[in-house]
**Q** 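There's a structure below that I have some questions on.
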Amino acid sequence: MMARTPLIAGNWKMNLNHLEAIALVQKIAFALPAKYFDKVDVTVIPPFTDIRSVQTVVDGDKLLLTYGAQDLSAHDSGAFTGEISGAFLAKLGCTYVVVGHSERRTMHAETDEVVLAKTKAALKHGLTPIVCIGEGLDIREAGEHVAYNVTQLKGSLAGLSAEEVGKVVIAYEPVWAIGTGRVASAQDAQEVCSAVRGALAEISDDATADSVRVLYGGSVNAKNVGDIVGQTDVDGALVGGASLKSDEFATLSAIAAGGPLP
Ligand SMILES: O=C(CO)COP(=O)(O)O
């Protein structure tokens, strides 16, 4: 099996203005010295309006953490009021862009087709899409979560070449575990992440599937991250609430790196 560097991504959602963003990035960087970055990739995903400020701190202080955006347009430019092009994000030095987060699938009616178009736009502009999938509680209780996630994955990546599949990150985020404090068990995360890897092999090939990072997200914190990233097919976490606290985010990144604690 290929050694996959774990990725800890902090999705700030609609929290923190650009001044607060600068302060948080500086605190995370202070708590997480360079030695950790051989063993874990750490990224922050602030609101669009913070990205230029985050870029300035990361570049100015030569920080090893990266940053990204929470969404992008499927289009490159034009009459799309309120949308943000992947070209703009690339120009700002973004590494990642979250695509198809359940909050966008639910509140903005993003279908797998829309998520696929955004994934393609991200790849076109040299950004790494973090493609989110995840089932609601009704699907989980009906025992249909594995099939549901595989279908969502295949729909969100339909028609991509193996080379393109090799450039994405997948985040499995069960909707019932987001912001609820109700974390999926490490075994629950492994069950779906392993099915995701199997589905990736079907749509590309074994070597590609083996190289893609599959993250878990949903109420991840410093206490539960060790168990979760200890699973064979879980390669990191997409962290919401706990990513807004510098000490906790640094600690959980250090745990994903295999220690020591900062
Ligand atoms: O949605 C999430 C990250 O994208 C998870 O959020 P929480 O960690 O706050 O549950």
Side-chain angles (χ1 to χ4, degrees), residues 6-16 20-21 24 28 40-48 50-51 54 65-72 89 94-108 110 115 118-119 122 127-137 139-140 145 148-149 152-153 156 168-186 188-189 192-193 196 213-229 231 234-256:
L7 171 63
I8 298 294
N11 176 8
W12 295 2
K13 308 193 178 183
M14 197 174 73
N15 293 292
L16 308 184
E20 294 163 332
L24 180 56
I28 294 168
V40 65
D41 291 338
V42 180
T43 197
V44 294
I45 317 279
F48 289 129
D50 297 358
I51 295 176
V54 169
L65 57 79
T66 58
Y67 52 90
Q70 297 173 16
D71 185 32
L72 84 170
L89 300 176
C94 287
T95 302
Y96 298 97
V97 60
V98 174
V99 176
H101 191 280
S102 62
E103 285 150 19
R104 295 208 60 87
R105 288 182 185 264
T106 313
M107 293 183 239
H108 300 270
E110 290 193 7
V115 176
K118 291 186 172 190
T119 300
L127 302 161
T128 297
I130 301 177
V131 180
C132 301
I133 56 170
E135 82 285 355
L137 191 56
I139 307 277
R140 162 71 52 172
H145 48 283
Y148 181 91
N149 281 291
Q152 215 175 39
L153 178 84
S156 304
V168 307
V169 171
I170 306 299
Y172 165 54
E173 298 205 308
V175 179
W176 48 269
I178 294 179
T180 58
R182 190 175 157 181
V183 62
S185 72
D188 289 338
V192 175
C193 292
V196 163
R213 290 186 288 192
V214 183
L215 315 183
Y216 168 80
S219 298
V220 173
N221 57 37
K223 288 202 178 72
N224 58 34
V225 71
D227 243 10
I228 290 167
V229 302
Q231 302 299 307
V234 185
D235 308 311
L238 186 52
V239 185
S243 73
L244 299 171
K245 301 175 212 153
S246 57
D247 287 348
E248 177 144 27
F249 189 63
T251 300
L252 68 85
S253 298
I255 292 170

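One-based numbering, in listed order, for ligands and for the atoms of each.
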**Q** How many angstroms lie between atom CD1 of Ile45 and atom OG of Ser243, to the nearest 0.5 angstrom?
**A**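 Ile45 CD1 to Ser243 OG: 9.0 Å, rounded to 0.5 Å.
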
**Q** Could you verify whether a donor N or O on one side chain and an acceptor N or O on the other, from Arg213 and Thr128, lie under 3.5 Å apart?
**A**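 No, no side-chain donor-acceptor contact under 3.5 Å.
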
**Q** Distances under 3.5 Å, N/O of ligand 1 against N/O of the protein: list each pair and its distance.
**A**
{"from": "ligand 1", "atom 1": "1 (O)", "to": "Lys13", "atom 2": "NZ", "distance (Å)": "2.8"}
{"from": "ligand 1", "atom 1": "1 (O)", "to": "His101", "atom 2": "NE2", "distance (Å)": "2.8"}
{"from": "ligand 1", "atom 1": "1 (O)", "to": "Glu173", "atom 2": "OE1", "distance (Å)": "3.4"}
{"from": "ligand 1", "atom 1": "4 (O)", "to": "Asn11", "atom 2": "ND2", "distance (Å)": "3.0"}
{"from": "ligand 1", "atom 1": "4 (O)", "to": "His101", "atom 2": "NE2", "distance (Å)": "2.9"}
{"from": "ligand 1", "atom 1": "4 (O)", "to": "Glu173", "atom 2": "OE1", "distance (Å)": "3.2"}
{"from": "ligand 1", "atom 1": "4 (O)", "to": "Glu173", "atom 2": "OE2", "distance (Å)": "2.9"}
{"from": "ligand 1", "atom 1": "6 (O)", "to": "Lys13", "atom 2": "NZ", "distance (Å)": "3.3"}
{"from": "ligand 1", "atom 1": "8 (O)", "to": "Ser219", "atom 2": "N", "distance (Å)": "3.4"}
{"from": "ligand 1", "atom 1": "8 (O)", "to": "Gly240", "atom 2": "N", "distance (Å)": "2.9"}
{"from": "ligand 1", "atom 1": "9 (O)", "to": "Gly241", "atom 2": "N", "distance (Å)": "2.9"}
{"from": "ligand 1", "atom 1": "10 (O)", "to": "Gly179", "atom 2": "N", "distance (Å)": "2.6"}
{"from": "ligand 1", "atom 1": "10 (O)", "to": "Ser219", "atom 2": "N", "distance (Å)": "2.7"}

**Q** For Asn224, which residues count as a side chain to side chain donor-acceptor pair (under 3.5 Å) partner, sequence neighbours excluded?
**A**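 If we apply the side chain to side chain donor-acceptor pair (under 3.5 Å) test to Asn224, skipping adjacent residues, the hits are Asn221.
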
**Q** By the definition side-chain contact (heavy atoms from CB on, under 4.5 Å), identify the one residue from Asp50, Ile51, Val42 that meets it with Tyr67.
**A**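 Running side-chain contact (heavy atoms from CB on, under 4.5 Å) over Asp50, Ile51, Val42 with Tyr67 returns exactly one hit, Ile51.
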
**Q** Can you list everything that forms a side chain to side chain donor-acceptor pair (under 3.5 Å) with Tyr216? Sequence neighbours excluded, please.
**A**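 So Tyr216 forms no side chain to side chain donor-acceptor pair (under 3.5 Å) with any residue.
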
**Q** Would you tabulate the side-chain donor-acceptor contacts of residues 168-181 under 3.5 Å, counting partners in other chains and residues two or more places apart, or write 'none'?
**A**
{"from": "Tyr172", "atom 1": "OH", "to": "Glu135", "atom 2": "OE1", "distance (Å)": "2.9"}
{"from": "Tyr172", "atom 1": "OH", "to": "Glu135", "atom 2": "OE2", "distance (Å)": "3.0"}
{"from": "Tyr172", "atom 1": "OH", "to": "Arg140", "atom 2": "NH2", "distance (Å)": "3.0"}
{"from": "Glu173", "atom 1": "OE1", "to": "His101", "atom 2": "NE2", "distance (Å)": "3.0"}
{"from": "Trp176", "atom 1": "NE1", "to": "Glu135", "atom 2": "OE2", "distance (Å)": "2.9"}
{"from": "Thr180", "atom 1": "OG1", "to": "Trp176", "atom 2": "O", "distance (Å)": "2.9"}
{"from": "Thr180", "atom 1": "OG1", "to": "Arg182", "atom 2": "N", "distance (Å)": "3.0"}

